[in-house]
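Notes follow once the structure below has been shown.
Everything numeric here is computed off the predicted structure, so don't read it as measured data.
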Amino acid sequence: MSKAPVFDLHKLRNIGIMAHIDAGKTTTTERILYYTGKIHKIGEVHEGTATTDYMVQEQERGITITAAAVTCFWKHHSINIIDTPGHVDFTIEVERSLRVLDGAIAVFDGVHGVEPQSETVWRQADKYKVPRLAFINKLDRVGGDFAMSVESMKERLHAVPLAIHLPIGSEDQFKGMVDLVTQRAYQWHKDDGSHFEESEIPEDLKVEAALARETMLETLSEHDDEVMELFLAGEEVPVDLIKASLRKGTIHFKFVPVLCGSAFKNKGVQQLLDAVIDYLPSPLDLPDASGFDVNDPEKIVTRKRVPEEKFSSIAFKILNDAFVGQLTFVRCYSGSLKVGDTILNPRVGKKERIQKILRMQANQREEVNEMRAGDIVAVVGLKFVGTGDTLCSPDHPIAFEPLNVTEPVISVAIEPKSTADSEKLKKALERLENEDPSFRVSEDNETGQTLIKGMGELHLDIIVDRLKREFKVDANVGAPQVAYREAITSSGKFDELVDREVGSLKQFAGVTVHVEPTPEQGGLIFVNKLPSDKLPPHLLGPIQTGLKEGLFAGPIAGFEVIGVKCTLLDVKYDRMLSEETAFRLASANLLRHACRALGPQLMEPSMELEISVPEEYLSGIINDMNSRKARLKTIGLRGKLQVVEADAPLSAMFGYSTDLRSISQGRGNYTMKFARYEAVGEEKRQKMLGY
């Protein structure tokens with residue numbers, strides 16, 4: 001354990017811990033907090049006492065739901081850690097955490113290797129260019145296999161894993177590891193893991209360790225001339241040079257150092273902490289923070305990641321705290337900010353004064369007077385802020401790229417049990433929607449019901465549970481419904497003219513737009529092909545807004561239309577009569593007409609499934625998948641389990657966890673994530689529409 005260091009950006013690490021559900025992320029975080037002296041008693045996930053699983057719902061279910069931030073100190077370095085969820089329904093928590101982190105630890109279950117959600121979070125880390133270490137956990141379990149896990153990283157992640165550890169023993173005989181960098185062995189003998197024995201490499205592992213070290217040096221020599229020179233000459237490569245080369249290669253994505261251990265059995269966590277210090281980047285090791293000029297979105301603006309620079313940050317998470325109100329979690333990229341200073345939110349053009357800055361320890365708070373470059377803190381009392389917003393100096397504005405949020409795929413109807421609960425429900429849903437970008441609230445146009453939409457059944461279960469416990473709202477909740485969409489299948493050119501009185505004012509506006517489907521299944525793609533002298537720039541916004549409104553309700557069943565590209569070709573306007581409202585109406589009407597004319601089709605969410613079961617239950621799984629009209633993709637062996645990969649319509653998968661337990665006598669596991677929207681078959685379409 002080390003005391004808090006003097007502020008030094010070189011000695012700061014902002015890291016996340018990410019993995020598939022039940023790979024041991026929270027257990028690893030708990031051990032890190034214990035060995036760094038942040039806590040004095042190890043909490044356990046299965047007992048509901050883990051520091052970062054502080055929500056009641058997390059403690060009851062034994063899973064992480066919300067990303068929790070903690071700060072600890074190790075060997076004169078400060079480490080900010082965010083423990084992220086592993087369940088696919090809470091992927092947004094991983095997304096927004098990785099958006100602001102400098103490095104990450106990817107934890108893998110040593111029995112199963114790379115699992116589906118491991119792949120998802122790995123791709124997210126790739127997207128945000130986050131250097132990472134790999135920690136092969138649970139090697140004390142039956143079936144724990146370090147070599148298999150490393151190989152699965154190559155096969156499933158297309159990564160370049162570089163083993164810097166070699167396990168000593170396996171399964172219940174797993175005792176420790178050989179550090180291939182220092183050529184020392186570490187073995188544990190006490191249960192709490194605080195004491196370990198450092199020694200020479202055991203005789204029976206010397207040949208294997210020498211071969212593994214040679215492989216490590218060979219990989220390093222491919223990216224480091226100094227290492228290559230010594231390696232080819234047969235000379236000893238100094239430990240300091242190996243560490244420097246590993247650090248450089250990790251930060252520049254040449255390879256991923258792989259360590260091993262058993263967090264639950266308290267083995268290997270201290271060595272993992274050393275690796276965080278040695279190989280993951282400080283803020284100063286990363287490129288300048290890059291954003292856009294607020295007044296000219298085409299112009300790139302950068303900020304050096306130092307306190308002397310102009311202030312810039314991103315609000316990556318919003319949380320409602322029962323004691324202090326709304327907390328906005330902020331990653332400070334550059335400059336510094338004190339309590340009482342004013343910040344600008346360029347998205348809404350609003351300025352706000354900073355009332356209070358808190359350093360968070362999971363759900364515990366420590367008040368501080370200032371945030372500086374590299375800090376991850378929470379700010380109290382901001383009113384005009386959403387997840388992903390940039391917060392910056394009013395005199396030197398910058399806008400960072402916002403978060404990419406996946407659309408919800410499941411919805412349920414919700415209504416208050418009494419009139420007294422009606423206003424409480426409305427306010428609670430507003431706060432939850434503000435907290436969670438993947439949670440949406442809307443109203444059914446036909447029934448007037450309030451619909452809540454999320455990423456899966458568990459996601460909405462947690463939302464409803466929070467409404468009852470946290471917000472004291474009694475509500476009736478309907479059965480889960482699929483979030484269907486509509487799409488167009490052909491393209492064409494369309495004109496629309498508004499020439500009438502709107503609200504006692506004469507309005508005139510005409511638009512010509514080419515409308516076509518796109519392979520991307522997101523919202524509207526808008527392209528303007530008109531020069532500025534043909535159309536005043538202030539009318540572009542209303543045209544784009546109108547086109548978006550035209551997608552809200554499709555022609556088949558009123559579902560949102562996805563995957564549409566609109567290219568503006570021409571306009572008609574009168575300087576005296578053409579107001580913004582007229583262009584918005586013309587654009588919305590045009591797109592509604594276009595969607596009816598361009599071969600609309602009904603779309604449903606298709607889910608990617610991975611099911612792991614012992615071989616004796618495989619035939620039952622296949623029969624069940626066929627009955628759900630799933631498309632089987634692969635069936636293969638991973639360790640001692642059969643793994644089935646398939647695509648299935650979401651509508652056929654409600655309640656699958658119960659059915660799987662029944663088929664496999666409780667021995668099967670599965671993961672399911674959204675893949676794409678696919679056209680609904682004619683028979684199902686007719687049934688849905690009541691033909």
Side-chain angles (χ1 to χ4, degrees), residues 18-27 45-46 61-64 85-91 106-123 134-157 159 170-171 262 264 456-458 606-628 630-648 650 652-675:
M18 61 186 203
H20 185 88
I21 190 169
D22 202 34
K25 297 175 307 303
T26 301
T27 301
V45 173
H46 61 275
R61 290 166 172 81
I63 61 171
T64 302
H87 196 286
V88 68
D89 282 15
F90 308 105
T91 297
V107 180
F108 299 104
D109 185 328
V111 179
H112 301 293
V114 175
E115 297 173 276
Q117 187 64 2
S118 308
E119 290 187 62
T120 302
V121 297
W122 193 269
R123 305 293 175 226
F135 181 62
I136 309 298
N137 191 28
K138 299 191 177 184
L139 289 178
D140 59 305
R141 296 280 187 92
V142 174
D145 189 331
F146 182 72
M148 176 276 294
S149 298
V150 172
E151 196 60 33
S152 72
M153 290 179 65
K154 296 177 188 175
E155 291 174 2
R156 303 199 65 174
L157 303 176
S170 62
E171 299 185 343
S262 169
F264 183 63
E457 290 179 88
L458 178 60
S606 176
M607 312 301 286
E608 283 184 6
L609 285 159
E610 182 172 295
I611 308 156
S612 305
V613 290
E615 188 167 3
E616 57 264 37
Y617 306 109
L618 181 60
S619 60
I621 294 297
I622 293 171
N623 291 336
D624 182 66
M625 284 290 103
N626 288 333
S627 73
R628 296 173 192 268
R631 294 195 305 272
L632 296 176
K633 295 192 294 186
T634 63
I635 300 172
L637 195 64
R638 188 183 305 154
K640 296 178 181 179
L641 297 175
Q642 291 286 345
V643 178
V644 178
E645 293 184 0
D647 287 343
L650 174 61
M653 296 307 299
F654 288 137
Y656 182 64
S657 56
T658 302
D659 294 338
L660 177 61
R661 274 197 299 273
S662 174
I663 295 167
S664 67
Q665 296 183 14
R667 296 174 65 191
N669 287 298
Y670 85 105
T671 59
M672 180 171 68
K673 65 179 180 180
F674 171 72

Subject >> Heavy-atom closest contact (Gly113 atom, Met148 atom, distance) >> reply: N-CE, 4.0 Å
Original post:
Quick one: side-chain hydrogen bond (donor to acceptor under 3.5 Å, both in side chains) partners of Lys633, sequence neighbours excluded?
Top reply: Asp647
**OP:** Please list, chain by chain and in numerical order, all residues satisfying side-chain contact (heavy atoms from CB on, under 4.5 Å) with Ser118, sequence neighbours excluded.
**Re:** His20, Phe108, Val114, Glu115
**OP:** Would you give the length of the straight line joining atom CE of Met607 to atom NZ of Lys673, rounded to the nearest 0.5 angstrom?
**Re:** 10.0 Å
Subject >> Set of residues satisfying side-chain contact (heavy atoms from CB on, under 4.5 Å) with respect to Glu151, sequence neighbours excluded >> reply: Lys154, Glu155
Subject >> Residue list, side-chain contact (heavy atoms from CB on, under 4.5 Å) with Ser664, at least two apart or on another chain >> reply: Val613, Tyr617, Leu660
Original post:
If you measure from OG on Ser152 to CD1 on Ile136, what distance do you get to the nearest 0.5 Å?
Top reply: 6.5 Å
Original post:
How far apart are the closest heavy atoms of Glu171 and Val142, and which atoms are they?
Top reply: OE2-C, 3.7 Å
Original post:
Residues in side-chain contact (heavy atoms from CB on, under 4.5 Å) with Ile622, at least two apart?
Top reply: Leu618, Asn626, Leu632, Ile635
Subject >> Separation between CD of Glu610 and CG of Asn669, rounded to the nearest 0.5 Å >> reply: 10.5 Å
Subject >> Partner set under side-chain hydrogen bond (donor to acceptor under 3.5 Å, both in side chains) for Glu119, not counting sequence neighbours >> reply: Arg156
**OP:** Please name the pair of heavy atoms, one in Gly655 and one in Glu457, separated by the smallest distance, quoted to 0.1 Å.
**Re:** N-OE2, 3.2 Å
Subject >> Sole residue of Asp109, Thr27, Val107 in side-chain contact (heavy atoms from CB on, under 4.5 Å) with Lys138 >> reply: Asp109
Subject >> Partners meeting side-chain hydrogen bond (donor to acceptor under 3.5 Å, both in side chains) with Asp624 (sequence neighbours left out) >> reply: Arg628
**OP:** Please list, chain by chain and in numerical order, all residues satisfying salt bridge (charged side-chain N to carboxylate O under 4.0 Å, His left out) with Arg667, sequence neighbours excluded.
**Re:** Glu616
Original post:
What residues form a ring-ring contact (aromatic ring centres under 6.0 Å, His included) with Tyr656, not counting sequence neighbours?
Top reply: Tyr670
Original post:
Looking at residues at least two apart in the chain, or sitting in another chain, which of them share a side-chain hydrogen bond (donor to acceptor under 3.5 Å, both in side chains) with Thr634?
Top reply: Glu645
